[in-house]
S.K.: 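Below is the structure I would like to discuss, written out as structure tokens.
Numbers for residues simply follow the sequence, beginning at 1.
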Amino acid sequence: MHSGPRSWLLAFLAFFLVFGAWAVAAPFDGPADEVQHSIRAAGVGSFAPGQIFAEPRTVPDAFGRPGMGAYQRVPAGMDAHAVCWGFDPTKSAACAKGLSGGPVTEVSTSAGRYNPLFYLVVGPPLRWLPNWGGLVVARLLNAAMCAALIASAFLALRRWSRFGLPATALLCVATPMLAHLAGGVNPNALEIAAGIAFFAAGIPLLLEPPDPARKPLVTLLGVSSVLLLTLRSGGPAWFVFGLAALALPLRWAWLKQWWAHTRVKLWSAGVVVAGLLSATWIVVMRTGELVPPPPGLWDYTTGEAVTQYVDSWYQLLIGMIGVAGWFDTKLWSPFYLVWIMIVGGMVVLGGVVGGWVTRWRYLVFLAGGVVLPGILQVSQANVTGFITGGRYMLPLLAGMPLLAAWVLERRLFDAGQARTLSRTFVLFLLPVHAALLVFAMVRWQRGLAPDAGLGWFNPLAGDWHPPTGSVLPLLLMLAGLALTAVVMWRTPVAGPADPAAEPTPATLPEADPQPAAH
């Protein structure tokens, strides 16, 4: 086993390379909503108060339809939506002019109401270098933040798990969808990474008896909580449901012991302040306000909306795994089915052996990650259309596979079985990252015809190529996946770091108290 700092650095580099491959592969506005977020970022990157606190306005989207947003004073060339190819998968990105500068003027963006925290980091390169170079720097900053959170999650789970299975289960939740978004300008990526880090810290911290040696987890839990609460308007809901899933039923004796530590008190205060500031921002900036669409655009009955939401769940699942671009670049079905079988099977088995407490936690995850979005989507179907995507739910639902892995290696698996499942993740899940990148590159560079054969999937062909070339993203992805494979392959261990502290199933906090369970 590597030392802590070295393990963190290796994990960071592995994920940064995977995320960075996307940063140099995609055209401007290739990742979802990138133009909207880039305009907001460049406005905030000026550090002018009037740009950071832009006035909420009704603004046109890329197609001229009214929506809630704001105007930002940015170079005019940033208003370069991929409308000529974004909704036609058969067209390459060659028809778009890409990111450019020009005179500073008012440009509308639907992201103009978003909290400025993310944009303060990625905005300056876009503000002062509105070209491919500035775009790649902004994307890499996002990739680095996401990779740092995932590496911290890896270190936490590896250090405090029995055999390392929860650490390798990060491969189940750090999906190609996260990688794609992390290589773009979109706060949804950092929100997903924060959700993963939240559960990576919260599971060993809240599901085990208090241990002063675990105090570093308090910092990771605090940082990820602040990010979850702040980045997007849905984050407070993910935080509340995630905390409820881990902290309930309350163990007052444990809470009392943790409260004796100054670090816990300080981070608790910080999280409360972040929550209050986030709530204030949401109210003042009206981030939840919607603009009624033109009459007749959508006309769903409640029953029709419910049916469509329920029937969309396969699409939502593959949206968590990986659909590139404007939800127009999908992998072949076996890639998704393999991912669903492996991860879904682990989640189901964890619920079977975990007892009633684990199943209660699952219900909380499903209430927050499935029922709540469904209620919001159905109630607003005639205002927004069906816009709910799987990637929006991932910050919360990422907790289920991590919890399942934690339960399985404590309730069922021995070291050998944990190692086998860990290496199954490596062998079957990592290749999906490379596949999605190749599919996306082909789509952007030459388009994807419905009847495209194997020979069409050449990521070096086409009439559009990234300014830095099409070889670089492929090399970065292969290097990142190779390093990730090495790190994860070597993670499973023969037993816990402290064998004397190894619990038995009957004394585990997650054990079902019913006599029949023993």
Side-chain angles (χ1 to χ4, degrees), residues 22-46 51 54 57 59-114 118-119 122-142 180-189 324-329 440-441 443-447 462-470 473:
W22 287 96
V24 294
F28 187 46
D29 210 25
D33 303 320
E34 186 172 56
V35 164
Q36 307 284 5
H37 293 296
S38 295
I39 293 170
R40 171 64 170 155
V44 173
S46 69
Q51 297 300 298
R57 302 267 294 278
V59 300
D61 65 10
F63 302 94
R65 294 175 302 203
M68 213 37 207
Y71 285 90
Q72 304 278 177
R73 290 192 57 79
V74 299
M78 298 195 69
D79 192 15
H81 299 273
V83 292
C84 68
W85 57 268
F87 286 105
D88 187 352
T90 64
K91 285 187 177 180
S92 76
C95 63
K97 64 179 181 179
L99 175 63
S100 61
V104 174
T105 186
E106 286 199 340
V107 178
S108 65
T109 169
S110 61
R113 304 164 295 163
Y114 281 36
F118 169 77
Y119 304 104
V122 304
L126 290 165
R127 177 73 183 190
W128 304 113
L129 293 172
N131 53 33
W132 177 255
L135 177 63
V136 169
V137 171
R139 288 171 168 178
L140 290 176
L141 286 171
N142 189 25
H180 174 37
L181 294 170
V185 180
N186 192 320
N188 190 196
W326 293 24
F327 209 73
D328 60 3
T329 307
M441 290 177 65
R443 185 263 176 274
W444 291 324
Q445 292 172 188
R446 62 192 310 198
D463 57 359
W464 180 87
H465 293 278
T468 41
S470 297

S.K.: Find out whether R73 and V104 are in side-chain contact, i.e. whether some heavy atom of one side chain is under 4.5 Å from a heavy atom of the other.
M.R.: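 SC-SC contact between R73 and V104 confirmed.
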S.K.: Between W444 and H465, is there a side-chain heavy-atom distance shorter than 4.5 Å?
M.R.: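 No, side chains not in contact.
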S.K.: So which atom in G183 and which in R139 form the shortest heavy-atom distance, rounded to 0.1 Å?
M.R.: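 Heavy atoms only, the tightest pair is O-CD, 3.3 Å.
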S.K.: Does D29 reach the main-chain N or O of A82 with its side chain, forming a donor-acceptor pair under 3.5 Å?
M.R.: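 Yes: the side chain of D29 pairs with the backbone of A82.
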S.K.: Within a strict 4.5 Å, meaning less than it, do heavy atoms of the S38 and M78 side chains meet?
M.R.: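 Yes - at least one pair of side-chain heavy atoms lies under 4.5 Å apart.
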S.K.: So which atom in P31 and which in A26 form the shortest heavy-atom distance, rounded to 0.1 Å?
M.R.: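 Shortest heavy-atom contact: CD-CB, 3.8 Å.
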S.K.: Show the nearest heavy-atom pair for residues Q72 and A54, with the distance to one decimal.
M.R.: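 The answer is OE1-CB, 3.9 Å.
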S.K.: Please determine, by modelled atom types, if H37 and Y119 share a side-chain donor-acceptor pair under 3.5 angstrom.
M.R.: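 Yes, because at least one side-chain N or O of H37 sits under 3.5 Å from a partner of the opposite role on Y119.
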S.K.: Taking the side chain as everything from C-beta on, heavy atoms only, tell me whether Q51 gets closer than 4.5 Å to V44.
M.R.: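 The answer is no; the side chains never approach within 4.5 Å.
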S.K.: Tell me, with the steps shown, if T468 and W132 meet side-chain contact (heavy atoms from CB on, under 4.5 Å).
M.R.: CA-CA 9 Å; T468 41; W132 177 255; 3.5 Å; yes
S.K.: Looking only at heavy atoms, what is the nearest atom pair of S470 and M441, with distance?
M.R.: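 So the two residues come closest at O-CE, 3.3 Å.
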S.K.: Once the angle between the rings of W326 and F87 is folded into 0 to 90°, is it parallel (under 30°), tilted (30 to 60°) or perpendicular (over 60°)?
M.R.: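 Judged by the thresholds at 30° and 60°, the geometry between W326 and F87 is perpendicular.
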S.K.: Is there a side-chain contact between P187 and Y114 (heavy atoms, below 4.5 Å)?
M.R.: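 Touching, per the 4.5 Å side-chain cut-off.
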S.K.: Are side-chain heavy atoms of R113 and R40 found at a separation under 4.5 Å?
M.R.: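 Not in contact.
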S.K.: Measuring only between side-chain heavy atoms, which start at C-beta, is F118 closer than 4.5 Å to N142?
M.R.: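 SC-SC contact between F118 and N142 confirmed.
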S.K.: Measure the spacing between OH of Y71 and OG of S108 and express it to the nearest 0.5 Å.
M.R.: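 Atom-to-atom, Y71:OH and S108:OG are 5.0 Å apart.
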S.K.: I'd like to know if D463 and R446 make a salt bridge, using a cut-off of under 4.0 Å between side-chain N and carboxylate O.
M.R.: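 No, this pair does not count.
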S.K.: Are V137 and L129 close enough, and set up right, to give a side-chain contact (heavy atoms from CB on, under 4.5 Å), and what steps lead you there?
M.R.: CA-CA 9 Å; V137 171; L129 293 172; 5.7 Å; no
S.K.: Going from OG on S46 to CZ on R127, what distance comes out if it is rounded to the nearest 0.5 angstrom?
M.R.: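 So the OG of S46 and the CZ of R127 are separated by 4.5 Å.
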S.K.: If you take all heavy atoms of D33 and N186, which pair is closest and at what distance?
M.R.: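 Nearest pair, atom of D33 first, then N186: CB-ND2, 4.4 Å.
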S.K.: What is the minimum heavy-atom distance between G98 and F28, and which atoms define it?
M.R.: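 Heavy atoms only, the tightest pair is C-CD2, 4.1 Å.
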S.K.: Is there a donor-acceptor pair closer than 3.5 Å between any side-chain N or O of R443 and the backbone N or O of K91?
M.R.: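 Such a contact is found between R443 side chain and K91 backbone.
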S.K.: Starting at CZ of R57, measure out to CE of M68 and round the result to the nearest 0.5 Å.
M.R.: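 Answer rounded to 0.5 Å: 9.5 Å.
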S.K.: What's the spacing between L99 CG and L126 CG if we round to 0.5 Å?
M.R.: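 The distance works out to 6.5 Å.
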